[in-house]
Participant: 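Pasting in a structure now, in structure tokens, and then I'll have a few things to ask.
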There are 2 protein chains.
Amino acid sequence: MVDQTLTLWFSEDMSNDLDTVFAALADPTRRAILAMLLEDDMAVTDVAEPFEMSLAAISKHLGILTKAGLISQEKRGRVKWCKLEPDALRAASVWMQGFGQFEPVNLDAFERFLEVELPSGED
Amino acid sequence: MVDQTLTLWFSEDMSNDLDTVFAALADPTRRAILAMLLEDDMAVTDVAEPFEMSLAAISKHLGILTKAGLISQEKRGRVKWCKLEPDALRAASVWMQGFGQFEPVNLDAFERFLEVELPSGED
DNA sequence: CGCATATTTAACCAAATGGTTGACCAAACC
DNA sequence: GGTTTGGTCAACCATTTGGTTAAATATGCG
């Protein structure tokens, strides 16, 4: 099962995926958006609200996150809802874990740190 | 203990670190270099050898990896040795794991995939 | 219909990225 | 001392990135 995964990992597709996922994660605004979406699905306008940046800029960020597969966007009525897609992180996470055999992280603590992370709390 | 770590995570420093680490990982050449260094420490020239790219370009990539803390470089004689620093990946890995509670990865399988990944095998 | 709301698109801009070549510096060798 | 070897630096170039504003496209509402 893992073997099957391995055959995929260094296809150019996979390398491409890692490119776009890591590039998407390299921007703090986008990481903050992901953290917000961890709490709940959100409309584009609501995602944009805490940032000091135009809606168009946020829309672009969301496009990048979508292309990386990190979120999905579904239009209901005139509102477009953004939803976290944590699976897209798996491949990247696995790639990284290979380098360090990191201990699993304490997720309760992680949730608490998110409260600090959220842009609404940063202002 | 984890709590202590948490207070650091959203300092601007930490966010900055994540920026540079993820940005460094977003390039396939640099990921390939990391994979090579996972096997053994290497001199700059030897790192460059499998790539169809100037030594200067590789030198730049190594600089970026160094700035991200992903490798260290030590000059012995006229040769500069590059060494993987897997710890730098930990923070980023932890950040990512928070989004998916991923299962730990099979590292034996990971080693085998590296044989495929190595640029010397890609040509 | 006519207007407000939600979001994207287009055109533009400055700065960063990933590469090149050629000059340069430092260590080793004959 | 002169030349090769190992590596960086500087200047340059094309492309991408992250942002802007203004116009365009839906959708919903009275």
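Labels below follow one simple rule: chain letters A, B, ... track the order of the sequence lines, proteins then strands, and each chain is numbered from 1.
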Participant: Looking at residues 56-70 of chain A, who's got a heavy atom less than 4.0 Å off DNA chain D?
Facilitator: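 Residues of residues 56-70 of chain A under 4.0 Å from DNA chain D: A56(A), A57(A), K60(A), H61(A), I64(A).
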Participant: Heavy-atom distance under 4.5 Å between the side chains of L25(A) and M96(B), does that happen here?
Facilitator: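 In contact.
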Participant: When clusters are formed by joining ILVMFWY residues with side-chain heavy atoms under 4.5 Å apart, either directly or through shared neighbours, do W81(A) and L37(A) land in the same one?
Facilitator: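 No, because W81(A) and L37(A) fall into different hydrophobic clusters, even though each may have its own neighbours under 4.5 Å.
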Participant: Between A43(B) and V79(B), which heavy-atom pair has the shortest distance, and what is it?
Facilitator: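 For A43(B) and V79(B), the tightest heavy-atom pair comes out as CB-CG1, 3.4 Å.
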Participant: Without decimals, in angstroms, what is the distance between F51(A) CZ and dG18(D) C1'?
Facilitator: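 In whole Å, dG18(D) C1' and F51(A) CZ are 14 Å from each other.
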Participant: Whole-Å distance between dG18(D) C1' and R30(A) CZ?
Facilitator: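 In whole Å, dG18(D) C1' lies 8 Å from R30(A) CZ.
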Participant: Take the protein atom CD1 of I33(A) and the nucleotide atom P of dT7(C), then report the distance between them rounded to whole Å.
Facilitator: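 After rounding, the gap between these two atoms is 13 Å.
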Participant: Between V44(B) and V79(A), name the one whose nearest nucleotide on DNA chain D is closer to the 5' end.
Facilitator: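 Its nearest nucleotide being more 5', the pick is V44(B).
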Participant: Measure the distance from CG on D27(B) to C1' on dT16(D) and round it to the nearest whole Å.
Facilitator: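 My rounded result for the distance is 13 Å.
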Participant: How many Å lie between CD on Q73(B) and C1' on dT8(D), as a whole number?
Facilitator: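 Computing the Q73(B):CD to dT8(D):C1' distance gives 10 Å.
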Participant: Is there a side-chain contact between D19(A) and P28(B), using heavy atoms and a 4.5 Å cut-off?
Facilitator: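 D19(A) reaches P28(B) side chain to side chain.
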Participant: Name the pairs: protein N/O against N/O of nucleotides 28-30 of chain C, kept only if under 3.5 Å.
Facilitator:
none

Participant: Which atom names give the shortest non-hydrogen contact between F22(B) and A92(B), and what distance separates them?
Facilitator: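 It is CZ-CB, 3.8 Å.
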Participant: Taking CG from D46(A) and C1' from dA6(C), how many angstroms apart are they, rounded to a whole number?
Facilitator: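 Spelled out: CG on D46(A) to C1' on dA6(C) is 10 Å.
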Participant: On a heavy-atom basis, which atom in R76(A) and which in E74(A) lie closest, and how many Å separate them?
Facilitator: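 For R76(A) and E74(A), the tightest heavy-atom pair comes out as NH1-OE1, 3.2 Å.
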Participant: Using 0.5 Å steps for rounding, measure from the SG atom of C82(B) to the CG atom of L34(B).
Facilitator: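 That separation rounds to 10.5 Å.
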Participant: If you compare every side-chain N and O of S54(A) against the phosphate oxygens of dT20(D) (OP1, OP2), does one of them come in below 4.0 Å?
Facilitator: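 Checking S54(A) against dT20(D): at least one side-chain N or O falls below 4.0 Å of OP1 or OP2.
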Participant: Grab the CZ-C1' distance between R31(B) and dG18(C) for me, whole Å please.
Facilitator: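 It is 15 Å, rounded to the nearest whole Å.
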Participant: In this structure, how many angstroms lie between the P atom of dT20(D) and the CD atom of E52(A), rounded?
Facilitator: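 In whole Å, dT20(D) P lies 10 Å from E52(A) CD.
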Participant: Just distance, no hydrogens or angles: give the donor-acceptor pairs under 3.5 Å from side chains in residues 56-71 of chain A, sequence neighbours left out.
Facilitator:
from   : atom 1 : to     : atom 2 : distance (Å)
H61(A) : ND1    : R30(A) : NH1    : 3.1
T66(A) : OG1    : L62(A) : O      : 2.7
T66(A) : OG1    : Q73(A) : OE1    : 3.0

Participant: M53(B) has a side chain; which of dG19(C), dA26(C), dG19(D) sits nearest to it?
Facilitator: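 Minimum distance to the M53(B) side chain belongs to dG19(C).
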Participant: Can you name the nearest heavy-atom pair linking V47(A) to M36(A), along with the distance?
Facilitator: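 Taking V47(A) first and M36(A) second, the nearest heavy atoms are O-CE, 3.6 Å.
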Participant: Out of dT7(C), dA26(C), dT8(D), which has the shortest distance to the side chain of K75(B)?
Facilitator: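 Of dT7(C), dA26(C), dT8(D), dA26(C) is nearest to the side chain of K75(B).
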